[in-house]
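These notes concern the structure reproduced below.
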Amino acid sequence: MAAKNYKFNTKTIHGGQQPDKAYGAVMPPIYQTSTYAQTTPGGHKGYEYSRSANPTRTALENALASIEDGEFGLAFGSGLAAIDAVIKLLEPGDEVISTNDLYGGSYRIFKKIFEKFGIVFHFVGMQGTDAIRDKMNSKTKLIWVETPTNPMMNIIDIKAVAKLIYNKNILLAVDNTFATPYLQMPLQLGADIVMHSATKYLGGHSDTVVGALVVKDKELADRLYFIQNASGAVCGPMDSFLVLRGIKTLHVRMQRHCENGRAVAEYLKDNTKVEKVYWPGFSNHPNHSVAKEQMKDFGGMISFVPKGSNYEDAIKIVERLKVFTLAESLGGVESLAGHPASMTHASIPKKEREKSGVVDALIRLSVGIEDSEDLIADLEQAIG
Ligand SMILES: *Cc1c(COP(=O)(O)O)cnc(C)c1O
């Protein structure tokens, strides 16, 4: 049976993989080499130079394509390098419509790097498609969706956005970092490009920085491959190996992230010292029905605002946490807490971030796979 027909959990382990041709190694060896011997100029075994291709990276790229239900995977040196490659598909004058509530680094590369090359970015709320329609014109070439959004946990209806731009020569890219293909499959919902910071859940162990793109279309894959090779932001063999190993347990980790996420979210909701909790699993979350439709479960990312707290109070709470580590990043086996206003979202002007709800007291949790009782006890002592 072709791996294409396997169900998801089987794909995480076997998708795109085969024992190594040299000795039958079950895990792809870490081909830590820059170059490959040729018998005559051009006489090689498919690999010439490791910026262009490396067998360990190929193994990861095949696994990525398999789990996202795409045809082609591309692995980059970081999530931002993957985003960089997508924007390089565009020309000066082209316009991008992006979610307004998105990863701070994505906002930064759009505004501070690509705007000066003449690409125009519009940041809009995408909980309905009206705001996207308002900004669409003949120059629109790309819609950039992040869902669930970071850190406000808004949900964007991928299918509805895909429908809006159907037949319009506009690409739809979805940052699937928070959901992972365990929860949500953007290509099945009509997206053209899936992007990942594989640094997060795909790697899953906070031990590497890697980015990924997955597409279905051969021509689009060729254009992205050209950019990947020409610009050179590839991921190395060791990092490829680490993400490959991470992907093999993605489904079991995600199952526990979701269980613990639910337990922590419910605890916070019932805590009288907490003013607001953002988690798409609550039935009163404004986009709960869309989340239920396009996601298998609700994940382990939660944001909350402690009651009556300001910037300094929120910082004191995150400093008091012991099981949760105060750190940037997310998606690892260990629980992390962050303060977006001073950390991940510090590069977004206060006025801009507060428009989307990223207030000074907001705290973001990446709920890990420890015992949920310990996580809840830790939050209890920190929120005090
Ligand atoms: C971390 C992150 C990125 C950037 O990825 P890096 O691997 O850090 O470059 C992009 N989008 C989201 C949602 C992220 O969480």
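Index from 1, following the sequence. The figures that follow rest on heavy atoms only: side chains count, while hydrogens, waters and symmetry mates do not. Remember, it's 1-based here, ligands and their atoms both numbered in the order they're listed.
- In summary, E266 and K269 engage in a salt bridge, as defined by a charged side-chain N under 4.0 Å from a carboxylate O.
- Ion pairing between D360 and K350 holds under the 4.0 Å rule for side-chain N and carboxylate O.
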N/O donor to acceptor pairs below 3.5 angstrom from side-chain atoms of residues 366-377, sequence neighbours left out:
residue, atom, partner, partner atom, Å
S366, OG, G331, N, 2.9
E370, OE1, S335, OG, 2.7
E370, OE2, S335, N, 2.8

For each nitrogen or oxygen atom of ligand 1, which protein N/O atoms lie closer than 3.5 Å, and how far apart are they, rounded to 0.1 Å?
residue, atom, partner, partner atom, Å
ligand 1, 5 (O), S197, OG, 3.0
ligand 1, 7 (O), G79, N, 2.9
ligand 1, 7 (O), S197, OG, 2.8
ligand 1, 7 (O), T199, OG1, 2.7
ligand 1, 9 (O), G79, N, 3.0
ligand 1, 9 (O), L80, N, 2.9
ligand 1, 11 (N), D175, OD2, 2.7
ligand 1, 15 (O), K200, NZ, 2.7

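- E312 has no carboxylate O lying under 4.0 Å from a charged side-chain N of K316, or vice versa, which leaves the two without a salt bridge.
- Aromatic ring orientation, F117 versus F114: tilted (interplanar angle from 30° to 60°).
- Cation-pi geometry between K296 and Y182 is satisfied (NZ or CZ under 6.0 Å from the ring centre, within 45° of the ring normal).
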